[in-house]
Amino acid sequence: MSSADIYRELILDYYRNPRNFGKLDKFDIDSRDTNPLCGDEIEMQIRVGDGKKIEEIKFVGKGCAISQASASMLTELAKGKPLEWVKEVSKEDVFKLLGNPDLGPSRVKCALLGMKVLKTGVYGYLGAHYEDQDGSDPMV
Amino acid sequence: MLKTEVINVEKIREDFPILKRQVHGKRLVYLDNAATTQKPKAVIDALVDYYSRYNSNVHRSVHTLGEEATAAYEAARGKAAKFVGARAKDLAFVRGTTEATNLVRFAWGEKNVKKGDTLVTTLMEHHSNIVPWQLLAKGKGATLKFVGLQPDGTLDMGSFESLLREAPKLVAVTHCSNVLGTINDVATICAKARKAGAITVVDGAQSVPHMPVDIGAIGCDFFGFSGHKMLGPTGIGALVGRSDLLEEMEPFHGGGEMIKEVFLDHSTWNDVPHKFEAGTVNIADAIGLGAAVDYLTAIGMDKVREHEVRLIAYALQSLREVKGFRAYGPEDPEKKGGVISFNLADVHPHDLATILDEEGIAIRSGHHCAQPLMRWLDVESTSRASFHVYNSYDDVDALKAGLLKAGAIFKI
Ligand SMILES: Cc1ncc(COP(=O)(O)O)c(C=O)c1O
């Protein structure tokens with residue numbers, strides 16, 4: 001796969017016109033992380049509604065097209081879902097959103113930063129540990 | 001623009017085995033030399049030769065191998081010192097520039113910096129010339145202050161002069177910026193700092209590999225550089241110091257080799273520079289650095305510099321034709337080391353690096369261990385192309401083609 005495929009129209013569109021970009025006035029979850037390698041930065045805020053659902057979700061961030069687009073796409077996917085759903089989100093889901101690009105190991109971290117921020121925030125809220133059900137680190 | 005060459009790049013390229021490598025099916029265009037340079041066969045051979053013929057510890061064993069290893073290690077010290085206009089006995093081998101700075105922090109700083117003192121560095125430093133002084137200042141209750149920059153990416157000498165009026169204990173400055181490429185007039189800076197009573201530390205990580213350097217002419221108290229950025233191995237570098245300071249300083253690490261006599265309640269220190277080389281030293285890589293010095297000396301550092309000035313001039317002119325290209329730092333190639341930091345419209349440097357990698361082109365993207373400078377530039381990160389002796393005009397053309405491709409993908 002070539003970089004022309006990685007940086008498809010869709011990813012560039014999300015990079016330049018990120019959906020759900022911004023901050024919430026009222027929120028129950030606020031989670032932020034950075035990727036020290038490239039300085040990518042993502043912060044997500046979530047308002048939890050009835051039935052522990054993600055009623056509102058927004059993000060702000062800085063960084064490469066892959067990190068920003070994947071965070072934005074993830075917020076779209078998450079909106080309206082129950083918090084428990086976040087535990088099931090996998091890196092494969094994120095790759096699928098991006099169109100399954102062939103990313104090297106360091107760029108994979110860019111792609112997964114949004115997921116990490118989402119999981120850390122929601123797991124914290126649920127009082128669960130930031131680990132997959134089998135105890136493995138979902139980033140690896 | 002004329003593509004004239006002062007050195008025979010084609011022939012030089014044959015000395016570097018790695019340049020035969022392909023990346024993603026393309027010729028390797030290595031433009032990440034400010035991070036680390038490639039190694040000529042002469043350096044690789046020196047390492048293999050040491051390990052296969054005379055591997056032994058130094059300054060300990062009286063057998064033949066020990067004598068040969070010691071002679072080669074000390075010869076390397078002599079070569080490295082001569083290369084930068086210093087005396088062998090004023091040069092301590094360290095791991096690199098970072099360790100050189102930290103050695104000064106501990107061995108000089110712990111004894112001499114007091115509560116309320118001022119330390120001065122600049123906004124264009126690598127983290128290795130900021131963080132050690134931050135730690136020192138914090139531990140001592142001293143204050144670290146920063147010389148500002150002018151819009152063209154040179155030091156603001158007005159800001160420097162006003163900081164000198166605070167009688168700082170130490171002035172730490174880079175000879176050449178790893179981001180902007182700015183070459184600082186360190187001789188003038190050191191003269192003024194010394195007059196104000198400060199000790200001077202010059203970071204030579206990006207100057208020694210790329211231009212003739214004479215530490216005596218600079219007149220600094222301490223000077224550090226890294227072997228791996230000058231065609232030598234990783235894990236070896238040097239700290240050159242003023243001999244009276246080195247004599248009166250405390251050791252850095254304690255252990256074998258750095259002592260003269262050890263008693264139960266005290267020890268006496270070995271002669272300088274061995275006082276600063278505790279434990280078994282990095283013999284192989286020091287010898288490798290000596291081979292790198294021989295290699296560069298044979299080319300001639302004035303020619304290395306002239307080659308890079310021409311490449312930078314050509315690159316700046318040619319890359320400016322790419323839509324969205326914006327370079328940072330001084331525009332005059334004569335005032336700049338072999339480094340071009342830039343951005344391409346709104347393409348993030350990491351995305352750009354990924355696209356270029358696919359063309360076999362290696363550049364650096366990120367904050368270049370200079371976050372305060374990134375904030376001053378008001379960017380999160382930049383891309384950086386940096387050159388050395390094996391880079392050619394063709395490499396610049398390849399970079400330009402890569403940028404055009406990235407521009408097309410990102411629809412700039
Ligand atoms: C200007 C400058 N100073 C210091 C360093 C640190 O050198 P090293 O990592 O070899 O200790 C570097 C290398 O990245 C540099 O570019």
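Since this is a predicted model, take the numbers as computed values, not measurements. Every heavy atom of this structure was used, including side-chain atoms; hydrogens, water molecules and symmetry mates were not. Each chain gets a letter, A, B and so on, in the order its sequence line appears, and its residues count up from 1.
With a 4.5 angstrom heavy-atom cutoff, B:H350 touches chain A via backbone and side-chain atoms both. For chain A, no part of B:D357 is nearby; none of its heavy atoms comes within less than 4.5 Å.
Here the side chain of B:S226 pairs no donor or acceptor atom with the backbone of B:K229 at under 3.5 angstrom. Within the 3.5 Å criterion, the main-chain N or O of B:C369 finds a donor-acceptor partner in the side chain of B:H367. Between the side chain of B:T37 and the backbone N or O of B:L231, at least one donor-acceptor pair lies under 3.5 Å.
Checking each of A:K81, A:R47, A:K79 against A:E55 for a salt bridge (charged side-chain N to carboxylate O under 4.0 Å, His left out) leaves exactly one that passes, namely A:R47. Checking B:T154, B:V179, B:N184 one by one against B:M124, the side chain to side chain contact (heavy atoms under 4.5 Å, CB included) holds for a single residue, B:N184.
In this structure, CZ on B:F325 lies 7.0 Å from CZ on B:R320, to the nearest 0.5 angstrom.
The closest side-chain donor-acceptor pair between B:T382 and B:H368 falls under 3.5 angstrom. Side chain to side chain, B:D351 and A:Y7 meet the donor-acceptor criterion of an N or O pair below 3.5 Å. Donor-acceptor pairing under 3.5 Å is recorded for the side chains of A:R107 and B:T354.
Of residues 58-66 of chain A, those residues lying under 4.5 Å from chain B by any heavy-atom pair are A:K62, A:G63, A:C64, A:A65, A:I66. Taking 4.5 Å as the heavy-atom cut-off, the residues of residues 9-18 of chain A that approach chain B are A:E9, A:L12, A:Y15, A:R16, ordered by number.
The aromatic ring centroids of B:F342 and B:Y328 lie 6.0 Å or more from each other.
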